[in-house]
Amino acid sequence: ALTQTNAFPQIENTEVNFFPTNYYDVKIHTVMPLLNTDIIQNTNIRSEQVQMQETELLIYKRELAHQIQTAYYNYLSAATAVTVYEEALVLVTENLNVNTIVLKEGKGLPAQVNRAESEVSSVTSQLNDAKNQMLNAGYYLNFLINKPLTENILMDTITEMDIQSVINNISNLNVLNREELQLISSGERIQQSLL
């Protein structure tokens with residue numbers, strides 16, 4: 001009609017089915033995240049948990065070292081007490097001998113001898129208690145350092161210079177690097193990752 005000619009003949013309307021008779025229209029939908037933040041956060045949480053376990057191990061080591069030092073100090077204290085009571089026993093025994101001789105000479109009183117005997121028995125009892133404390137402290141120290149209970153313990157002497165170096169080391173400690181504080185900050189970081 002536009003060209004005003006019959007160059008374009010009329011065609012009948014037709015219906016043509018281009019699809020086969022048993023055609024299934026299958027659509028596949030896949031989702032692949034380009035960035036999954038949950039994986040990143042879980043990785044952060046796991047690494048913090050590992051860090052916390054390492055910190056707990058350091059806390060345990062520090063506590064064990066503290067217990068060993070305390071046990072060694074108790075052992076040295078008990079050993080010193082044993083030495084003091086042994087020297088005291090020598091003195092009260094000598095006092096008993098002197099009072100006994102004075103009583104035989106007729107210059108002393110029987111009450112003085114009885115008192116000296118009481119002092120000897122008292123110091124002997126205290127010496128036995130100190131020996132038991134030393135033995136128990138030694139057993140506990142050997143237990144902590146994983147040695148046989150009856151093994152001998154070497155005693156070091158502490159000098160004034162050693163005490164001063166310990167005081168200097170204590171004053172130079174950085175409290176912010178303590179394992180307990182690191183454990184708390186790791187827990188805070190885990191909570192932040194969870195949020």
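Computation of the quantities below employed the complete heavy-atom set of this structure, encompassing side-chain atoms and omitting hydrogens, waters and symmetry-equivalent molecules.
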Can you measure from [atom1] ([X]) to [atom2] ([Y]) and round to the nearest 0.5 angstrom?
X	Y	atom1	atom2	result
Tyr139	Lys147	OH	NZ	16.0 Å
Ser77	Met134	OG	CE	11.5 Å
Glu12	Thr14	CD	OG1	8.5 Å
Glu63	Glu56	CD	CD	13.5 Å
Thr124	Asp129	OG1	CG	11.0 Å
Ile59	Glu54	CD1	CD	12.5 Å

Considering non-hydrogen atoms only, spot the tightest contact between [X] and [Y] and give its length.
X	Y	value
Asn99	Gln112	ND2-O, 3.5 Å
Asn142	Glu151	ND2-O, 2.8 Å
Tyr85	Val123	O-CG1, 3.6 Å
Leu127	Leu89	CD2-CD2, 4.0 Å
Lys131	Val82	N-CG2, 3.7 Å
Leu183	Met52	CD1-O, 3.6 Å

Hey, quick one: are [X] and [Y] part of the same hydrophobic cluster, counting side-chain heavy atoms closer than 4.5 Å, chains of contacts allowed?
X	Y	result
Leu58	Leu144	no
Val113	Leu91	no
Tyr72	Ile145	yes
Leu76	Val84	no
Val90	Val98	no

(request) For residues Gln49 and Ile45, determine if any side-chain heavy atom of one lies less than 4.5 Å from a side-chain heavy atom of the other. (result) yes
(message) For a 4.5 angstrom cut-off between non-hydrogen side-chain atoms, does Thr70 reach His66?
(response) yes
(request) Scan side-chain atoms only and decide if Asn128 and Asn132 contain a donor-acceptor pair under the 3.5 Å cut-off. (result) no
Whether [X] side chain and [Y] backbone form a donor-acceptor pair below 3.5 Å:
X	Y	value
Thr100	Leu96	yes
Ser122	Ser118	no
Thr43	Ile39	yes

(message) Checking Arg189 now: which residues fulfil side-chain hydrogen bond (donor to acceptor under 3.5 Å, both in side chains) with it, not counting sequence neighbours?
(response)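 Here the qualifying residues are Glu48, Ser186.
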(request) State which residues pass side-chain hydrogen bond (donor to acceptor under 3.5 Å, both in side chains) with Asn74; sequence neighbours excluded, sorted by chain then number. (result)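 Asn74 satisfies side-chain hydrogen bond (donor to acceptor under 3.5 Å, both in side chains) with no residue once adjacent residues are dropped.
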(message) Apply side-chain contact (heavy atoms from CB on, under 4.5 Å) to residues Thr55 and Gln51 and explain how you reach the verdict.
(response) CA-CA 6 Å; Thr55 305; Gln51 181 67 30; 3.8 Å; yes
(request) Step by step, work out the side-chain contact (heavy atoms from CB on, under 4.5 Å) result for Leu103 and Leu109. (result) CA-CA 6 Å; Leu103 181 64; Leu109 298 173; 5.6 Å; no
